[in-house]
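Data first, discussion second: the structure below is written as structure tokens.
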Amino acid sequence: MLDKKYNAQEKEGKWLQYWKDNAVYKFTRDNRPVFSVDTPPPTVNGKIHIGHVFSYSQAEMVTRYKRLRGFNVFYPFGFDDNGLPSERLVEKEQGKKAHQIGREEFSRLCYETTDRYEEEFRQLFGQLGVGADMSMCYKTVSPSTIKISQTSFLDLVSKGHCYHKESPALWCNECMTSIAQAELETKTIKTTFNYIHFTTVEDGEQFTIATTRPELLPAIVCVFVNPEDEKRAHLIGKTARIPAINVEVPIMADEKVAIDKGTGVVMCCTFGDQTDIEWWKKYNLPLKHIFTDDGRIIDSVPNYGGLKIKEARAKVIEDLKNAGVVEKIEELEHEVQVHERCGKEVEYSVMKQWFIDTTSHKEDFIRMGNNIKWHPEHMHKRYDEWVNNIAWDWCISRQRYFGVPFPVWYCADCGEAVFARVEDLPVNPLTDKPHIHNCPKCGCSEFVPERDVMDTWATSSVTPLINMKYGEENNYEDILRPMSIRVNASDIIRTWDFYTIVKSFYHFGHQPWNEVMISGFVMAGKGEKISKSKNNSKSDPMQLIKEYSADVIRYWAGSGRLGTDIVFADETILRGRKLVNKIWNVSKFIEMHLTDFENKEFNDYEYIDRWILGSFQEMEKGFIKYLDEYEVGLALNHLEKFFWNFCDNYIEIVKHRLYRPEEFGEKARYSGQKTVYTILYKLLQDFSIFFPFITEEIYQELFHDNKSIHLTEIKPLEFDFDSEIKNGDMIIEIISQARGEKTNHNVSLKTPIKKLDISVDQQLKDAINQSIKDFKATLFIQSLTLQDAKEGFIVNELELNLDETDVK
RNA sequence: GGAAGUUUAGCUCAGUUGGUAGAGCAUCUGCCUUACAAGCAGGCGGUCAUAGGUUCGAGUCCUAUAACUUCCACCA
């Protein structure tokens, strides 16, 4: 028997254990079609928030749906403990920078810290009921992952898509590492636009350059003017003297200079922005790099050496003012590029780095994107736009510690790179030695290890390879190339999705998955993203689960449209609680009336039973259609609507038959029993996608066939009850009107109707005649007369019997 | 500067091929009805952002505009 009240905390614990003991979510090969999910490994870098719950729930529900539809679900899990986020966490906890701690100790702390946080994440996803196969759980810094990541690197090198080159790269002087274009964010800051007088050496002609970055004056290598510029073209070919610095640079022509922007004269520094890099390459300009790795002016710059960038800026402005060469200073708000991990403004640096070619195969990447079905569709555009706008090859070198090492050494003499052999992977060049003893180029026997580690995304982008156990025996390559679906939020289309596509294309020549499912974000309020740094998430998910149950939290997480942002709303939680509670109560009711029920072949259903069976069948069609589009929220909405109709209308009608067979007949009772049995079974299956716990509890208690509801299969009904659906709905409308009449008289719904006279059309008359006992019993009608109407129905007379409160 | 999404009841949001506007919450009124008061029945509440157009008919299709959100680019 089901308990009077459902104790979520106790039952959820029980079923978690049951699923674990019975390996319900375990993947084993068989001959069913495979549905495979490339799950986002959460970044294990701190506090769990409600956003984690949201983004995993929708995808998890899809896997439950697919399982119920007969797919062999391949649903692994992973944790991303790799890279800068983990390092920053450790630095914050220790209150020290990595280089102050020392490489080895720092690495140890990273492992220890991420392990600790990982346990919390594991617990949360467990308690949420995430039905992943945890025996296939990977970590992004484990030896096997490092091996696959290094294998991928070597493959790309051998195919010529990955190269080592001295080249300008984006540099974060807070994190002291190079970064990639995809790791940039824009931020609006207040600054000043400074108009500075320059003069020509030849004739002392004065001209003005406007800049937001006067500290770059020592890095100026040349000045540009547009050759079409009538007013200033005469400057071309002359020499400019830089004020305050007193250095002379040539004035050159380039059509990229906008005549009407700023002052029409541009200083070119190495490097202030991307155009500078372009010009530097195009005109083979000298390199004047004036910043240190941690954001200071290098010592060799007179007057400013050793100052931080912003200090230098202030001092330069001051000096320029004193020299009387500042025309004006304007206040300015503009957008600058910052590093997404720390929010600090990004600089440029030139050093030897590893790059993956992302710029010369754009057409292929676009084609790969076209081979993938995007849900929702418009997210495809974001991908295309990103690919089309990529300006840099992907720099994967990070001058950091905690990450996948490059399996590379360099000849101490000639600098030739020596790569590890695939069979020797994983290797750490800092501790391992190359397999050859002499440089193949110069014969030198001394090698220098690569000290950089790879970008986190360089490893995250091989999750399909990790999933398929690439390179191992008994791998899953045959079933996971490509995988069925990738799921993630919209913010990492340009990183995770893009890089994975790049690598899959280079490795295999095809797309990594057939479909992509993009979820939205959880907003703390309107237009306010939940963020760890702001700590603006009001709700701790563990606390919420404790308070409302995992099923109810899942209701919130499963609502809403795919790809659409959601605000955490108490009212949605309450609505979920009502729904879950109702499922429990109606199940209790049905259980009560099934104690003597035997499931037999039966086709002689009562009219109203045919109505609800047909309605369920119709509903489930739409339900399936939504789920096939991965619109879990819409599917749930659709199902919920039917469910309340089932409870409030159908159950109210059928209960008389169930309670009083002596009055309505045993066959009519059996028809009702068979109907509620069938529909509850199917409702539980459908609801199990969203509420895995309570549905399991009810299922095992009522339908005890010794197996988890999550391993059953949805088989759609195949009735032909179109007429019953249509006319049954009309009957419900009549009932509703009559109930309204009772309510308007402020009397109980049990109040008998002394006389009801209605006009109905022929179809409806047939329907009412076929369901006459149910109809009269539901409304407590003592006398009913039916007249003819052309269409629909009209209530001619309704007289309540206010003397009696009960018919029986 | 380019692009995408959103705009429907006081609030949160549904509305699948165009056919008389829906749900929950809130509010108000009744009803303790042999599953459920965490319930049931009902009321109030909307020129579907604005302006045009296509159509017999537009919340739904087309065009333009506005506001909000987001992505991207430029930032001398």
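Since we're looking at a predicted model, the values are computed, not measured. Proteins come first, then strands; the chains are lettered A, B, ... in the order of their sequence lines, and each starts at number 1.
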Between [N] and [M], how far apart are the two [atom1] atoms, rounded to whole Å?
{"N": "B:U63", "M": "B:C25", "atom1": "P", "value": "39 Å"}
{"N": "B:U20", "M": "B:G59", "atom1": "P", "value": "11 Å"}
{"N": "B:G19", "M": "B:U60", "atom1": "P", "value": "11 Å"}
{"N": "B:U12", "M": "B:A49", "atom1": "P", "value": "15 Å"}
{"N": "B:G18", "M": "B:G10", "atom1": "C1'", "value": "30 Å"}
{"N": "B:A58", "M": "B:C74", "atom1": "C1'", "value": "40 Å"}
{"N": "B:C56", "M": "B:G1", "atom1": "P", "value": "40 Å"}
{"N": "B:G15", "M": "B:C48", "atom1": "C1'", "value": "11 Å"}

| query | Between A:Arg739 and A:Arg577, who's closer to the 5' end of RNA chain B by nearest nucleotide? | reply | A:Arg577

| request: Starting from the 5' end of RNA chain B, give me the residue, A:His638 or A:Thr572, whose nearest nucleotide shows up first. | output: A:Thr572

| said: B:C40, OP1 or OP2 - any side-chain N/O from A:Lys582 closer than 4.0 Å? | reply: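 For B:C40, OP1/OP2 do have a side-chain N/O of A:Lys582 under 4.0 Å.
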
| For B:G15, does either OP1 or OP2 sit under 4.0 Å from a side-chain N or O belonging to A:Arg561? |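 Yes, because at least one side-chain N or O of A:Arg561 sits under 4.0 Å from OP1 or OP2 of B:G15.
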
| field | Qualifying residue for ring pair (Phe, Tyr, Trp, His ring centres under 6.0 Å) with A:Tyr499, from A:Tyr383, A:Phe365, A:Trp394 | value |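 Among the candidates, only A:Trp394 passes.
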
| query | For the ring pair (Phe, Tyr, Trp, His ring centres under 6.0 Å) test, which of A:Tyr626, A:Phe623, A:Phe616, A:Trp644 pairs with A:His638? | reply | A:Tyr626

| said: Exactly one of A:Gln58, A:Met61, A:Met517 should register a side chain to side chain contact (heavy atoms under 4.5 Å, CB included) with A:Tyr630. Which one does? | reply: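 Testing A:Tyr630 for a side chain to side chain contact (heavy atoms under 4.5 Å, CB included) against A:Gln58, A:Met61, A:Met517 leaves exactly one candidate, A:Met517.
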
| said: Run the ring-ring contact (aromatic ring centres under 6.0 Å, His included) test against A:Phe271 and tell me which residues pass, sequence neighbours left out. | reply: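 Residues passing ring-ring contact (aromatic ring centres under 6.0 Å, His included) with A:Phe271: A:Trp280.
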
| request: Would you mind telling me which of B:G5, B:C36, B:U16 lies closest to the side-chain atoms of A:His378? | output: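 Nearest nucleotide to the side chain: B:G5.
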
| query | In terms of side-chain heavy atoms of A:Arg382, which of B:U16, B:C36, B:C71 is nearest? | reply |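 It is B:C71.
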
Atom-to-atom span, [atom1] of [X] to [atom2] of [N] - whole angstrom:
{"X": "A:Asn645", "N": "B:G22", "atom1": "CG", "atom2": "P", "value": "15 Å"}
{"X": "A:Leu639", "N": "B:A14", "atom1": "CG", "atom2": "C1'", "value": "15 Å"}
{"X": "A:Asn585", "N": "B:A37", "atom1": "CG", "atom2": "P", "value": "7 Å"}
{"X": "A:Ile694", "N": "B:A38", "atom1": "CD1", "atom2": "P", "value": "16 Å"}
{"X": "A:Glu741", "N": "B:G43", "atom1": "CD", "atom2": "P", "value": "11 Å"}
{"X": "A:Glu629", "N": "B:U16", "atom1": "CD", "atom2": "C1'", "value": "10 Å"}

| field | Sugar-phosphate or base contact per nucleotide [nucleotides 23-30 of chain B; S, B, -; heavy atom under 4.0 Å] | value | SBS----S

[X] and [Y]: which non-hydrogen atoms are nearest, and at how many Å?
{"X": "A:Glu652", "Y": "A:Asp648", "value": "CG-O, 3.1 Å"}
{"X": "A:Ile545", "Y": "A:Ala550", "value": "CG2-N, 3.9 Å"}
{"X": "A:His197", "Y": "A:Pro243", "value": "O-CG, 3.3 Å"}

| query | What pairs with A:Asp596 under salt bridge (charged side-chain N to carboxylate O under 4.0 Å, His left out), at least two apart in sequence or on another chain? | reply |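 Result, salt bridge (charged side-chain N to carboxylate O under 4.0 Å, His left out) vs A:Asp596: A:Arg669.
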
| Partners passing salt bridge (charged side-chain N to carboxylate O under 4.0 Å, His left out) against A:Glu629 (at least two apart in sequence or in another chain) | A:Lys373

Extract from the structure each pairing of a protein N or O with an N or O of nucleotides 72-76 of chain B at less than 3.5 Å, listing the distance.
unit_1	atom_1	unit_2	atom_2	d
B:C72	OP1	A:Arg494	NE	3.2
B:C72	OP1	A:Arg494	NH1	2.0
B:C72	O2'	A:Asn389	ND2	2.7
B:A73	OP1	A:Gln181	NE2	3.1
B:C74	N4	A:Glu335	OE1	3.4
B:C75	OP1	A:Thr275	OG1	3.1
B:C75	O2	A:Glu335	O	2.9
B:C75	N3	A:Glu335	O	2.6
B:A76	OP1	A:Asp273	OD2	2.6
B:A76	O3'	A:Ala210	O	3.0
B:A76	O2'	A:Ala210	O	2.0
B:A76	N6	A:Ala258	N	3.4
B:A76	N1	A:Ala258	N	3.0

Distance flag, aromatic centroids of [Y] and [X], threshold under 6.0 Å:
{"X": "A:Tyr283", "Y": "A:Phe224", "value": "yes"}
{"X": "A:Tyr677", "Y": "A:Phe703", "value": "yes"}
{"X": "A:Phe193", "Y": "A:Tyr195", "value": "yes"}

| query | Does A:Lys588 come within less than 4.0 Å of A:Asp3, counting only side-chain N to carboxylate O? | reply |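 Looking at A:Asp3 together with A:Lys588, the answer is no, because their closest N to O distance does not fall below 4.0 Å.
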
| Under 4.0 angstrom, heavy atoms only, what part of the nucleic acid is A:Ser736 near: base, sugar-phosphate, or nothing? | sugar-phosphate

| request: Under 3.5 Å for both distances, Watson-Crick or G-U wobble, that's the pair rule; now give the dot-bracket for RNA chain B, with | marking pairs to another strand and [ ] for crossing ones. | output: (((((((..((((.....[..)))).(((((.......))))).....(((((..]....))))))))))))....

